[in-house]
Protein chains: 2
Amino acid sequence: MAVKERIRIGGRSARIQAAVHEAVHQLGALTTRNQVTVPQIAAAAGVTPSTIYRRWGDLQTLLADVAVARLRPIADPDDTGATESDLRAFIDQFAEEMSSPVGRALMRDVFSSAQDFPLQCAAFNREHLSTIAARAAARGEPPLDVDDVIDHVVAPIIYHILYDDREVTPDYCHALLDRLRAQSSPT
Amino acid sequence: MAVKERIRIGGRSARIQAAVHEAVHQLGALTTRNQVTVPQIAAAAGVTPSTIYRRWGDLQTLLADVAVARLRPIADPDDTGATESDLRAFIDQFAEEMSSPVGRALMRDVFSSAQDFPLQCAAFNREHLSTIAARAAARGEPPLDVDDVIDHVVAPIIYHILYDDREVTPDYCHALLDRLRAQSSPT
DNA sequence: CGCTTAACGCAAATGTTTTGCGTTAAGGTG
DNA sequence: CACCTTAACGCAAAACATTTGCGTTAAGCG
């Protein structure tokens, strides 16, 4: 079932959505990521379970919806004045968020649902990088290829978080960025 | 619950494991990846649901176990006589398998479980690449950096399959390989 | 303000997961 | 090879989660 988003955005519906999301946060933080049930969430949110089932379909979809809401950026990446530092700041923050226990849990929730949630997350990343690329163009700096950044910086970071649960250090991220820079501007 | 692997590998246990895995395959193929329940699988395998719950814990863990079994390589990658063609053959096959509907479903199952299944899959990839790297060394070819291949060829392929569900074409894979080659042997 | 209908609450029905207990058979031992 | 120990199983009851029908509430609109 697709999550309903666009209808009845006012009053009660919005309140219930907020209450349910909030309940998931509290219970998810409480029980270290597991064993959460729909009836529990319903009780914590002060609604009946059937409300949750009708709106979200199942637990996985609800968790994925909450995860995407949490991953949704609230602001553009910082403008540090230069593409290189913009990128580094963005990637550092991205890697830190995603490799934290909470980030890993959010990613798992996003991928566990048979929905277009992953696509939304991909769009978030792409938007941010596009913003940085647009700034580069406005400044007259060499153009930034967003796809290259995704393929050779974002993708390896995600891979190591998902597969090996190897630690993703700032040093590792910076090496990826250095390599990208070397590639795009050959001496 | 961890999936039990190492105990009672003989007779009945093995038969039941095989029957359950087979049932998952049949039902998973039948219903295009969804709505499969433990009782259904149990009935198809000729066992009681409680057997499955006790052995695997829950549906997601069972599906992940089956997925890993299916992703587990049965043979070393082909030896084509040269590192470059070895790599290309391996990556082409990998991309094709993983981007197929079945491959995508298997990956989702692997990531949906709170277990070390992803780690096992990462190990499969690494083993294959190590085999190819060992051949390169034996032939006296320039050494192959397995981590580079994972970061800059495997990771982008996986990223696009998981996030965007963009199509991963052989041309795209070859471009990744070309770029890797250019990087490792600068002119 | 009143109408229409999406979304909700409640409770019964249905389906899934867990658990206790007796039984079967795997792997080891005398 | 027969016996012993115990992991793993089947069955059935209990606990729990999910679905569904129906009456009620309130959002959005004229």
Check: For D/dA8, does either OP1 or OP2 sit under 4.0 Å from a side-chain N or O belonging to B/Ser13?
Finding: no
Next item on the list: Using a strict 4.0 Å threshold on nitrogen-to-oxygen distance, state whether B/Asp148 and A/Arg179 make a salt bridge.
Entry: yes
Check: Got a sec, which pairs hit side-chain hydrogen bond (donor to acceptor under 3.5 Å, both in side chains) with one end in residues 97-107 of chain A, sequence neighbours left out?
Finding: A/Gln93-A/Glu97
Item checked: Listed partners of A/His128 passing side chain to side chain contact (heavy atoms under 4.5 Å, CB included), at least two apart -> A/Pro73, A/Pro77, A/Phe90
Checklist line | Length of the line joining A/Arg55:CZ and D/dT19:C1', which is rounded to integer Å | finding: 19 Å
Notebook entry, point to check: Between B/Thr37 and C/dT16, does any side-chain N or O lie under 4.0 Å from OP1 or OP2?
Noted result: yes
Check nucleotides 10-12 of chain C for protein N or O atoms closer than 3.5 Å to its own N or O atoms and list the pairs.
from, atom 1, to, atom 2, distance (Å)
C/dC10, N4, A/Ser50, OG, 3.2
C/dC10, N4, A/Arg54, NH2, 3.4

Check: Could you give the CG-to-C1' distance, from A/Asp58 to C/dG15, as a whole number of Å?
Finding: 15 Å
Notebook entry, point to check: Rounded to the Å, how far apart are A/Ile41 CD1 and D/dC16 P?
Noted result: 17 Å
Note to self: I'd like to check the side-chain hydrogen bond (donor to acceptor under 3.5 Å, both in side chains) partners of A/Thr37; sequence neighbours left out, ordered by chain and number.
What the structure shows: none
Margin query: Give me each pair satisfying salt bridge (charged side-chain N to carboxylate O under 4.0 Å, His left out) with a member in residues 41-52 of chain B, each pair once, sequence neighbours excluded.
Written below: none
Item checked: Spacing of B/Ile52 atom CD1 relative to C/dT19 atom P, expressed in whole Å -> 17 Å
Please table the atom pairs, donor to acceptor, closer than 3.5 Å between any side-chain atom in residues 167-174 of chain A and protein atoms at least two apart or in another chain.
from, atom 1, to, atom 2, distance (Å)
A/Thr169, OG1, A/Tyr172, N, 3.0
A/Tyr172, OH, A/His160, NE2, 3.1
A/Tyr172, OH, B/Asp151, OD1, 3.1
A/Tyr172, OH, B/Asp151, OD2, 2.6
A/His174, ND1, A/Pro170, O, 3.4
A/His174, NE2, A/Asp92, OD1, 3.0
A/His174, NE2, A/Asp92, OD2, 3.2

Next item on the list: Round to a whole Å and report the spacing from CZ of A/Arg12 to C1' of D/dA26.
Entry: 5 Å
Check: Which whole-number value in Å describes the distance from A/Trp56 CH2 to D/dT19 C1'?
Finding: 17 Å
Next item on the list: Calculate the interatomic distance between B/Ile16 atom CD1 and C/dT23 atom P; express it in whole Å.
Entry: 18 Å
Next item on the list: Mind calculating the distance between CZ (A/Arg15) and C1' (C/dA7) to the nearest angstrom?
Entry: 12 Å
